[in-house]
Amino acid sequence: MGILALQDVDYRYEGTKKNVLQEINAEFDRGALYGIMGKSGAGKSTLLSLLSGLDLPTSGGVAYDGTDIRQLDRDRYRSQQIGVIFQGYNLLTNATAAENVELSLYLSRVKRASRKRAAYTLLEQVGIDRETADRKVLKLSGGEQQRVGIARALSHDPAVLIADEPTGNLDGETEETILRIFHEIAHEQDKCVILVTHSRRVAEQSDFVYFLDRGRLRPA
């Protein structure tokens, strides 16, 4: 079994009878980059919520390292095992890039004396130099903000990184740069990286591609 697995997963919203997701089975391993592609309304956001532990399936299970997340402390699961990168970045815009990562390190209970140094190191890993790290987020480009979001998601050293439309707001050249970073994280840091996207071009640069259509997930 992979580090993260979906086992006969169905999901429907409370008070409705129709499944948004149905009969989904998939495994995700360390050291690989996965692309999950689907049109708007296909259920991508719902699937992301289940993978990240924000919600639970109506039936079936989501397992992390062989254990159903129902049996885990889901707050701890989200803060330690899973890193999420948002399309809208969700950064503190009046703080610097480094301060955004430092806050995440603080929430991960990294000692104060180590936080600033660790923040600069994480940002350097995604191509943000010291000068840029000390700039306010509002002064950064979209690509730089996305890199800060990646560094922040890596701050607690999660085994799984999930990115929601990570290149949706970026130009083609910046998109390529961000995708190279995701490849490095998966292949060189031995993490499981899952990209949820509507873009065929983005999905097909992954090691494994899944299509989500009408609530069903199938491999490409």
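Counting from 1, the numbers follow the sequence of the chain as shown.
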Derivation of the side-chain contact (heavy atoms from CB on, under 4.5 Å) call for Glu165 and His198: CA-CA 7 Å; Glu165 298 285 3; His198 69 276; 3.0 Å; yes
Heavy-atom check, side chain of Ile185 versus side chain of Ile150, under 4.5 Å: yes
Whether over 12 other heavy atoms sit under 6.0 Å from Glu124 CD: no
Point-to-point distance, once rounded to the nearest 0.5 Å, from NE2 of His187 to CG of Leu33: 6.0 Å
Side-chain heavy-atom pair Val160, Gln81 within 4.5 angstrom cut-off: no
Contact summary for Lys44 and Lys39, nearest pair of heavy atoms: NZ-O, 3.1 Å
Under 3.5 Å: donor-acceptor pair, side chain of Ser49, backbone of Ser45: yes
Taking every non-hydrogen atom, the tightest pair across Leu50 and Ile69: O-CD1, 3.9 Å
Residue pair Pro219 / Tyr210, side-chain heavy-atom distance below 4.5 Å: yes
Backbone N/O of Arg76 and side chain of Asp73: donor-acceptor pair under 3.5 Å: yes
Residues Asp10 and Thr58: side-chain donor-acceptor under 3.5 angstrom: no
Nearest atoms (heavy-atom pairs only) where Ala133 meets Ile128: N-CG2, 3.7 Å
Salt bridge Glu175-Arg201, side-chain N to carboxylate O under 4.0 Å: yes
Joint cluster assignment, Val62 & Val20, ILVMFWY side-chain distance < 4.5 Å: yes
Verify same cluster id: Leu161, Val209 (apolar side-chain graph, 4.5 Å): no
Arg214 atom CZ: more than 12 heavy-atom contacts under 6.0 Å: no
Spacing of CD1 belonging to Ile3 relative to SG belonging to Cys192, to within rounding of 0.5 Å: 8.0 Å
Minimal non-hydrogen separation, Leu154 against Gln189, with atom names: CD2-OE1, 4.4 Å
Any donor-acceptor N or O pair under 3.5 Å, side chains Asn100, Tyr89: no
Pair Arg78 + Asp75: basic N to acidic O under 4.0 Å: yes
Polar side chain donor-acceptor pair, His183 to Asp207, under 3.5 angstrom: no
Aromatic plane relationship, Tyr34 with Phe208 - under 30° parallel, 30 to 60° tilted, over 60° perpendicular: parallel
CG-CZ distance between Leu4 and Arg30, expressed to the nearest 0.5 angstrom: 11.5 Å
Test item: Val202 and Met37 side chains (from C-beta on) under 4.5 Å apart, heavy atoms: no
Rounded distance (nearest 0.5 Å) linking atom CZ of Phe86 with atom CG of Leu91: 10.0 Å
Within-4.5 Å side-chain heavy-atom neighbours: Ile85 and Gln146: yes
Flag side-chain contact, heavy atom, 4.5 Å: Thr96 against Arg135: no
Residue of the set Ile82, Leu195, Leu47, Ile36 for which side chain to side chain contact (heavy atoms under 4.5 Å, CB included) holds with Ile162: Ile82
Hydrophobic cluster membership, Leu51 vs Tyr77, 4.5 Å side-chain cutoff: yes
Inter-residue atom distance Gln205.CD - Leu179.CG, 0.5 Å rounding: 5.0 Å
Backbone N/O of Asp8 and side chain of Asn25: donor-acceptor pair under 3.5 Å: yes
Donor-acceptor contact present, side-chain Gln145 to main-chain Leu140, <3.5 Å: yes
Shared hydrophobic cluster, Tyr13 / Leu212 (ILVMFWY, side-chain heavy atoms < 4.5 Å): yes
Distance-minimising heavy-atom pair for Gly61 and Val9: O-CG2, 3.3 Å
Path from Leu103 to Val101 over hydrophobic side-chain contacts below 4.5 Å: no
Between Glu184 and Gln125, a side-chain donor and acceptor under 3.5 Å: no
Exam field: side chain Asn19 to backbone Gln22, donor-acceptor pair closer than 3.5 Å: no
pair Leu6-Phe28: side-chain heavy atoms closer than 4.5 Å: yes
Shortest non-hydrogen contact from Glu27 toward Gly2: OE1-N, 3.2 Å
Spatial distance of atom CD (Glu204) from atom OG1 (Thr197) [nearest 0.5 Å]: 11.0 Å
Lys191/Asp157 salt bridge by N-O under 4.0 Å criterion: yes
Intermediate values then yes/no, side-chain contact (heavy atoms from CB on, under 4.5 Å), Arg216 and Ile24: CA-CA 6 Å; Arg216 295 182 183 272; Ile24 291 184; 5.8 Å; no
Heavy-atom side-chain contact between Leu56 and Tyr11 under 4.5 Å: no
Partner of Glu102 by salt bridge (Lys or Arg N to Asp or Glu O under 4.0 Å), out of Arg117, Lys116, Arg115, Arg152: Lys116
